[in-house]
Structure formats: C-alpha cells, structure tokens
Amino acid sequence: VNNPNAAGKNLPRVMLIRDSYSFGIHSFINQSFSTVYWNYTWDYQFKKTDIKKADVDYLVYLISEKNMRSILY
C-alpha cells in the first residue's frame, strides 16, 4: 500500500507479518509509513527474499499473545 498522504515526507517503509488482531491499527499504520507491505493474515513465514525485494526499513511481527506459538516453534 502506498500512502498518498506521504507526498514530500521522508517516511520509512514497513512490512507487517500479522494476524487478524492487526486490523484495529490498519489506518494508523498506513498513515505512518510511505509504503506498507501487509503480509497475508496468518502467514507468519519469514521470507528473506520477499523482505529483501521490498527493501523495507522495518519488519514488524504484529500478533496477539495467543498466537505466539505460531512463530516460536
């Protein structure tokens, strides 16, 4: 998602790996970064090639506590 409100601003780029609980901050995230790559919901894979291709400044895992086992094991 490109942020049309970021014109002329030097905002970072981010990729989010997330679960469905991230929907509550969707508009905040989209307005806070120049480009946002939303990973598919429930896809927690750390895909180095996709991350490198996106050339992001930040990589964020945004999941609820009940889904922690999905990324720890």
Exercise for the section: Group every Ile, Leu, Val, Met, Phe, Trp and Tyr by side-chain heavy-atom contacts under 4.5 Å, then state whether F23 and F28 land in the same group. Expected result: no
Completion exercise
In this structure, OG1 of T35 is separated from CE of M15 (nearest 0.5 Å) by 11.0 Å
Handout entry: Option from V14, I51, N39 for which side-chain contact (heavy atoms from CB on, under 4.5 Å) with L59 holds
Key = I51
Practice task
Could you tell me which non-hydrogen atom of P12 sits nearest to which non-hydrogen atom of S32, and how far apart they are?
Solution key: CD-O, 4.4 Å
Practice task
Please answer whether the main-chain N or O of F33 pairs with a side-chain N or O of R13 as donor and acceptor at a distance below 3.5 Å.
Solution key: no
Fill in the blank from the handout: To the nearest 0.5 Å, atom CG of D19 lies from atom CG of L62 at 7.0 Å
Practice task
Enter the distance from L16:CG to W38:CH2 here, rounded to the nearest 0.5 Å.
Solution key: 5.0 Å
Completion exercise
Separation between CG (D50) and CD1 (I17), nearest 0.5 Å, reads 9.0 Å
